[in-house]
Amino acid sequence: MRGKRVLITGATNGIGKAAALDLAKMGAEVLIVGRDEIKTRKVLRDLMSLSGNTKLDFLLADLSSFADVRAIANEFLSRHDRLDVLLNNAGAVFSEFRASADGYEMTFALNHLSYYLLTLLLLDTLKKTAQEQGEARIVNVSSSAHRNATMRLDNLRDPSGYSFMNSYGSSKLMNVLFTYELARRLQDSAVTVNAVHPGLVDTGFGHNTGRVWASVIKVLQKLFAISPQKGAETLVYLASSPDATDISGKYWNKKQQKRSSEISYDREQQRQLWEFSAAITGVE
């Protein structure tokens with residue numbers, strides 16, 4: 001990975017931070033995206049110290065905000081003309097309905113729209129890198145939570161009937177639908193895009209879902225969860241391994257291609273999500 005540039009969202013904790021460390025150890029120039037400046041600067045110092053790699057930097061953004069996503073994309077493009085890997089990892093689950101700065105349900109805004117908007121804003125640079133270097137890669141972190149989910153695009157501003165489980169599962173389904181649609185649109189380029197289920201990881205994820213559900217999640221994590229380092233393995237594999245070269249439009253778990261839910265292969269839903277996201281963000 002020496003000489004390659006990687007941008008990772010959600011990289012100040014959990015699997016994002018673990019992936020950033022592994023890729024930094026491989027010699028990549030890694031840019032992490034965080035929301036809190038003090039925390040992000042500390043993580044950057046830690047990554048430099050642990051990896052011995054000083055070619056690391058950070059960008060600050062609330063990725064649920066269109067304005068912030070555009071700001072970091074513009075900042076990146078003003079400083080760099082190469083991007084080898086974009087790793088879309090930022091995500092969260094919210095116990096109660098929250099509206100983003102743009103008025104959309106927060107899970108949808110952060111877990112899906114940030115992937116869509118940031119990717120599209122950086123896509124020309126990814127294509128240019130692929131033309132010059134032979135390849136570029138996009139990795140979208142999804143979840144097995146997508147398997148029992150359906151996509152709803154008609155209630156993204158309505159708090160009535162909100163369910164954090166349904167909203168989270170739907171957003172993770174959108175990650176897969178987006179991956180497949182983007183892969184089809186990039187099939188004549190050397191840019192690949194894949195989705196990954198990292199597994200149940202022992203992090204603070206889901207601990208803000210209310211006392212009962214948070215307790216359930218903590219018990220499950222204690223019994224079954226893997227470490228962030230283990231959870232990051234497939235992300236790092238897809239970002240760096242020669243074995244993943246030229247493989248695109250797939251869903252991965254434990255470094256293996258897996259079949260995602262049946263509904264995720266529905267081309268009409270893939271198209272609908274793309275067109276809906278384009279209309280909302282103004283980016284096609």
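Residue numbers run from 1 in the order of the sequence given. It should be emphasised that the depicted structure is a prediction, and the values quoted were computed from it without experimental measurement. As a basis for the values below, the full set of heavy atoms in this structure was taken, side chains included, without hydrogen atoms, waters or symmetry mates.
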| Under 3.5 Å, is there a donor-acceptor pair between the side chain of Asp158 and the main chain of Ser160? | yes
| Side-chain (Ser143) to main-chain (His197) donor-acceptor, under 3.5 angstrom | no
| query | Out of curiosity, Thr281 OG1 to Tyr116 OH, how far, rounded to the nearest 0.5 Å? | reply | 4.5 Å
| query | Among His112, Gln272, Glu284, Glu181, whose side chain to side chain donor-acceptor pair (under 3.5 Å) with Ser277 holds? | reply | His112
| said: Tell me whether the count of non-hydrogen atoms from other residues, nucleotides or ligands lying under 6.0 Å of CZ in Arg267 goes above 12. | reply: no
| Just one of Tyr265, Tyr251, Trp274 clears the ring pair (Phe, Tyr, Trp, His ring centres under 6.0 Å) bar with Tyr180, so which one? | Tyr265
| query | If you measure from CG on Leu56 to CE on Met48, what distance do you get to the nearest 0.5 Å? | reply | 5.0 Å
| task | Would you tell me whether Asn253 and Ser144 have side-chain atoms, one donor and one acceptor, within less than 3.5 Å of each other? | result | no
| Within the distance-only criterion (no hydrogens, no angle test), does the side chain of Asn194 pair as donor or acceptor with the backbone N or O of Ile247 below 3.5 angstrom? | yes
| field | Atom CZ of Arg79 with >12 non-hydrogen neighbours under 6.0 angstrom | value | yes
| Arg82, CZ atom: more than 12 neighbouring heavy atoms under 6.0 Å | yes
| message | Using 0.5 Å steps for rounding, measure from the CZ atom of Arg184 to the CG atom of Leu186. | response | 11.0 Å
| Do Val176 and Met165 share a hydrophobic cluster (ILVMFWY, side-chain heavy atoms under 4.5 Å, transitive)? | no
| Test item: Thr234 side-chain N/O and Pro198 main-chain N/O as donor-acceptor pair under 3.5 Å | no
| task | Pick out which of Asn111, Ile8, Leu87 makes a side chain to side chain contact (heavy atoms under 4.5 Å, CB included) with Val141. | result | Leu87
| said: Determine whether Phe94 and Ser167 satisfy the following criterion, side-chain contact (heavy atoms from CB on, under 4.5 Å), listing intermediate values before the conclusion. | reply: CA-CA 9 Å; Phe94 301 94; Ser167 294; over 6 Å; no
| request: Examine the side chains of Thr125 and His80 and answer whether a donor and an acceptor come within less than 3.5 Å of each other. | output: no
| query | For the residue pair Arg137 and Ala244, what are the closest heavy atoms and their distance? | reply | NH1-CB, 3.7 Å
| request: Ignoring hydrogens and angles, tell me if any N or O in the side chain of Thr129 forms a donor-acceptor pair with the backbone of Leu83 under 3.5 Å. | output: yes
| Above 12 or not: heavy atoms from other molecules or residues under 6.0 Å from CG of Asn148? | no
| request: Could you verify whether a donor N or O on one side chain and an acceptor N or O on the other, from Ser264 and Arg147, lie under 3.5 Å apart? | output: no
| remark: For Arg5 and Asp84, the nearest pair of non-hydrogen atoms, with its separation, is N-OD2, 2.8 Å
| request: Would you check if the side chain of Asn88 reaches a backbone N or O of Ile138 as a donor-acceptor pair within less than 3.5 Å? | output: no
| How long is the span from the CG atom in Leu77 to the CD1 atom in Ile72, to the nearest 0.5 Å? | 10.0 Å
| query | Closest heavy-atom contact between Val33 and Ala61? | reply | CG1-CB, 4.4 Å
| field | Note: Asp243-Lys255 ion pair, threshold 4.0 Å (strictly below) | value | no
| request: Check the pair Tyr115, Leu182 against side-chain contact (heavy atoms from CB on, under 4.5 Å), reporting the backbone distance first and the verdict last. | output: CA-CA 11 Å; Tyr115 284 29; Leu182 181 58; over 6 Å; no
| said: Cation-pi check for Phe108 against Arg152: NZ or CZ below 6.0 Å from the six-membered ring centre and within 45 degrees of the axis, yes or no? | reply: no
| query | Taking the side chain from Asn175 and the backbone from Asn140, do they hold a donor-acceptor pair closer than 3.5 Å? | reply | no
| query | For the atom pair CG (Asn89) and CG (Leu7), what is the distance rounded to the nearest 0.5 Å? | reply | 11.0 Å
| task | To the nearest 0.5 angstrom, please state how far the CD1 atom of Ile280 sits from the CG atom of Leu117. | result | 11.0 Å
| message | Any carboxylate oxygen within less than 4.0 angstrom of a Lys/Arg side-chain nitrogen, looking at Lys42 and Asp46? | response | yes
| query | Are the side chain of Ser49 and the backbone of Arg45 linked by a donor-acceptor contact shorter than 3.5 Å? | reply | no
| task | Grab the two heavy atoms, one from Ser100 and one from Ser64, that are nearest each other, plus how far apart they are. | result | CB-O, 3.7 Å
| said: Is it the case that the side chain of Ser240 and the backbone of Val236 share a donor-acceptor pair, with hydrogens and angles ignored and the cut-off at 3.5 Å? | reply: yes
